[in-house]
Amino acid sequence: MNKKVLIISSSFRKGSNSEMLAKEFEKGAKKAGNKAEIVSLRDKNIGFCRGCLACLKLGKCVISDDAVKIAEKMKSADVLVFATPVYYYSVSGQLKTMLDRANPLYDSDYRFTDVYLLATAAEDEKTTVEGAQKAVQGWVDCFERARLSGVIFAGGVNDAGDIAGHKGLTEAYEAGKNV
Ligand SMILES: Cc1cc2nc3c(=O)[nH]c(=O)nc-3n(C[C@H](O)[C@H](O)[C@H](O)COP(=O)(O)O)c2cc1C
């Protein structure tokens with residue numbers, strides 16, 4: 001209740017399946033009285049991390065693009081939610097780039113304690129989401145106060161909008177309601 005929930009939606013596709021999960025999570029979180037916001041990476045200008053590590057001294061990235069503001073929002077949220085299509089058994093490149101660009105938060109007084117992964121894929125095997133989950137878990141493990149609190153995977157959806165009626169949508173709504 002009354003938590004600040006930041007949902008980062010990383011698919012660039014219109015009518016995106018993973019963005020539908022993001023919207024359901026947002027709906028649930030708002031229903032339970034939380035403040036929830038979806039930030040889509042679709043219309044953002046986000047460059048690759050250059051690895052200079054200046055961020056650890058400055059507290060912010062030297063590249064001035066949209067990732068700076070998104071990283072600041074991530075820092076002050078109670079709950080972070082990453083929505084991604086499975087790309088080659090991992091997260092999307094655009095989500096991975098944003099996670100790298102959030103490096104200024106490492107060793108900072110970040111607020112988040114709970115992280116959720118929402119993922120979609122064409123295949124629907126138990127193993128399909130494992131790589132994406134591992135990628136996000138690896139990021140979460142670098143933030144001591146945070147834990148990966150939930151993974152919602154909607155498999156068997158390939159074309160945009162295929163997710164309509166998928167049970168993952170209800171799961172995302174319920175997870176949002178219970179943050
Ligand atoms: C570059 C690329 C790589 C993909 N790799 C996988 C994959 O490894 N496994 C899989 O099941 N689906 C894969 N897919 C299919 C997407 O995960 C699937 O279409 C998903 O529903 C897209 O979600 P979105 O609508 O949110 O973008 C891939 C799609 C693209 C474009």
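We count ligands from 1, going down the list as the structure has it; atoms in each ligand are counted the same way. Residue numbers count from 1 along this sequence.
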Rounded to the nearest 0.5 angstrom, the CG-CZ distance for Leu21 and Phe25 is 10.5 Å
Taking the side chain from Asn34 and the backbone from Lys3, do they hold a donor-acceptor pair closer than 3.5 Å? yes
The side-chain contact (heavy atoms from CB on, under 4.5 Å) partners of Glu171 (sequence neighbours excluded) come to Ile152, Lys167
Grab the two heavy atoms, one from Thr84 and one from Ser92, that are nearest each other, plus how far apart they are. OG1-N, 2.9 Å
Short question: side chain of Asn17, backbone of Asp162 - any donor-acceptor pair under 3.5 Å? yes
Which protein residues come within less than 4.0 angstrom of ligand 1, counting heavy atoms only? Ser11, Arg13, Ser16, Asn17, Ser18, Pro85, Val86, Tyr87, Tyr88, Tyr89, Thr120, Ala121, Ala122, Glu123, Thr128, Val157, Asn158
Do the charged groups of Lys27 and Glu24 touch, with an N to O distance under 4.0 Å? yes
